[in-house]
Amino acid sequence: MHEITFRRALLARLLRATGAGSLGASLAGAVGAACGSNVTMDTASAGSGGAASTVTSSASAGGGGAGGQTNLGGGSPGDAGLCGPVQTCFPEADGSACPTPESLVGMTAYLAGCPGAPGTCPRIEKVLSGPFTDAGTECCYFVEGTSIPCYVGRTFFLDEGVVKAELRPGRSWCRDPACPRPDPSALPAATRRALGEAWARDGLFEHASVASFSRFSMQLLALGAPADLVRDTHAACVDEVRHAELCLALASAYLGRDVEPSGLPMPAAVEVGADLAAIAAESALEGCVGETVAAVQAQASLLRATDPAVREVLAVTVEDETRHAELAWRFLAWALDVGGHPVRERVMRAFAGFHPAPPTPEDLGGVDLALYEAHGRMVAAEARAIADRALADVVRPCLCGLLDRRRGAPGAADARPTA
Ligand SMILES: [Fe+2]
Ligand SMILES: [Fe+2]
């Protein structure tokens, strides 16, 4: 399916998932206009969404994936590091009161003194003072932040930052005879190595996504979420096991040695929590943005790939990530229904704070880029351009459709979670 057709079909599918599907697939332009200045989200210049970007606080995302563990910028994620104090400001949501300092902790946000390494995003760790208002339109705070690697999708975050395993020799992931075996025999050594490293990196993030969905399933139970969300989250968790297997099988083939994940470094206690607004905001970025963009990027990679084994992996990824995106949007619709205004405000702030990072330089010296693409990978700049189109043509109109539906949903603002 052509990229534009795919984005339209995906938007229609996601709108249906949120209950706004009757508005139809032609909604992108119309709904974008309808939400106007109520929804601030930086979607760059691509696509038909046409965001009115009055955002003064922004998060960024980096990386350069091709499969289900996709990211929005370029390069490899770096390690966490502390920074600040710095000032950060948010537009007042619907002219309402400024967010409480506690509600900002854990949010990704643009922190001018917290640039971090390429492929990292600043996250607020501590609010030192505020809010104080700027011309009555912005809420400003002094904060301390951490730069965290910003793979999106179901990345597994703990207080310590992103958690993922290391690569080690072994073939306990994907022993199955059905595991993909691409043909790397004709590939130059540098291209082969770059492909192996890229697929291995994705494999480790897919592996960590299993833990992320596991925690999300517990959060859903704590929130009293309906059975269909719990069931589909567990199914998505199993999908991520398969994605990790597939990516690591590809990595093993290109690297010429079998690789598997080490143990996932897990602390003694993992916080689950039952703060609906916080979980909804997290899911808005990790799921609604991350998995939607992942589906679009995987489809773009599928269109370019020619190796049959890689194409099979990408076809599975496109379908699975589309379902995961639907799940995230369905959860958001439910959270807005039961949580009302506080959840809506927090979610809008999360989207307003989202801003993909510019693509960062990546070292692909000596790599045959045509072969790199034929085997399912794309350069960071292209991945970022595709992400921009996904944000403009799918994520933003879907958010607008969802918020529009919420505004018209009787009693939604007064509903409260049952747990
Ligand atoms: Fe995945
Ligand atoms: Fe996923």
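- Taking 4.5 Å as the limit, some side-chain heavy atom of Leu332 sits within range of a side-chain heavy atom of Trp329.
- Gly196 approaches Ala251 most closely through the heavy-atom pair O-CB, 3.6 Å.
- When every heavy atom of Leu364 is checked against every heavy atom of Ala194, the shortest pair comes out as CD2-CB, 4.3 Å.
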Step by step, work out the side-chain contact (heavy atoms from CB on, under 4.5 Å) result for Thr233 and Ser217.
-> CA-CA 6 Å; Thr233 297; Ser217 72; 3.8 Å; yes

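- Note that NE2 of His234 is 7.5 Å distant from OG of Ser214, once rounded to the nearest 0.5 Å.
- Between the side chain of Thr191 and the backbone N or O of Asp368 there is at least one donor-acceptor pair closer than 3.5 Å.
- Here the side chains of Leu128 and Val143 are not in contact, with every heavy-atom distance at 4.5 Å or above.
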Step-by-step side-chain contact (heavy atoms from CB on, under 4.5 Å) determination, Ile386 to Met378 | CA-CA 10 Å; Ile386 290 167; Met378 63 175 72; 3.6 Å; yes

Begin with the C-alpha distance, continue with both residues' side-chain angles, and end with the deciding distance and a verdict on side-chain contact (heavy atoms from CB on, under 4.5 Å) for Trp199 and Val259.
-> CA-CA 11 Å; Trp199 284 111; Val259 289; over 6 Å; no

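- Taken from CG in Leu204 to OG in Ser262, the straight-line distance is 7.5 Å, to the nearest 0.5 Å.
- Here the side chains of Thr322 and Phe6 are in contact, with some heavy-atom distance below 4.5 Å.
- The nearest pair of heavy atoms linking Leu223 to Trp334 is O-CH2, 3.8 Å.
- When atom types are taken as modelled, the side chain of Arg304 and the backbone of Ala300 share a donor-acceptor pair closer than 3.5 angstrom.
- The shortest side-chain heavy-atom distance between Arg396 and Leu391 does not fall under the 4.5 Å cut-off.
- Arg201 has no carboxylate O lying under 4.0 Å from a charged side-chain N of Glu197, or vice versa, which leaves the two without a salt bridge.
- Put simply, the side chain of Arg330 never gets that close to the backbone of Ala17: no donor and acceptor are under 3.5 Å apart.
- Between Ala178 and Arg242, the closest heavy-atom pair is O-NH2, 4.1 Å.
- Residues Glu326 and Asp232 fail the side-chain proximity criterion, which asks for heavy atoms closer than 4.5 Å.
- A side-chain donor-acceptor contact under 3.5 Å links Gln219 to the backbone of Val272.
- Taking NE2 from His324 and OG1 from Thr317, the interatomic distance works out to 9.5 Å, rounded to the nearest 0.5 Å.
- Using a 4.5 Å cut-off on side-chain heavy atoms (C-beta onward), Leu10 and Gln299 make no contact.
- Here Asp320 pairs with His243, Arg323 under the side chain to side chain donor-acceptor pair (under 3.5 Å) rule; sequence neighbours left out.
- Between Leu195 and Arg377, the shortest heavy-atom contact is CD2-CG, 3.3 Å.
- For the pair Pro182/Leu250, a side-chain contact is recorded, criterion being any heavy-atom separation below 4.5 Å from C-beta on.
- Contact annotation: the side chain of Phe216 never approaches that of Glu286 to less than 4.5 Å [non-hydrogen atoms, C-beta and beyond].
- The backbone N or O of Ile279 sits nowhere less than 3.5 Å from a side-chain atom of Ser283 that would complete a donor-acceptor pair.
- Taking Glu260 as the reference, Arg168, Ser172 meet the side chain to side chain donor-acceptor pair (under 3.5 Å) condition, with sequence neighbours excluded.
- The two residues Phe351 and Ala284 make their nearest non-hydrogen contact at CE1-CB, 3.6 Å.
- In this structure, CG on Leu14 lies 11.0 Å from CD on Glu291, to the nearest 0.5 angstrom.
- The environment of CD in Glu312 is sparse: at most 12 heavy-atom neighbours from other residues, nucleotides or ligands sit within 6.0 Å.
- For Glu319 and Arg13, the salt-bridge test passes: some basic side-chain N is under 4.0 Å from an acidic carboxylate O.
- The distance from atom CZ of Arg215 to atom CG of Leu220, rounded to the nearest 0.5 Å, is 12.0 Å.
- Side chains of Trp173 and Ser252: no donor on one and acceptor on the other come within 3.5 Å.
- Note that the CZ atom of Phe331 and the CG atom of Asp228 stand 12.0 Å from one another [nearest 0.5 Å].
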Assess whether side-chain contact (heavy atoms from CB on, under 4.5 Å) is satisfied between Leu336 and Leu403, documenting all intermediate values.
-> CA-CA 9 Å; Leu336 289 166; Leu403 293 175; 4.3 Å; yes

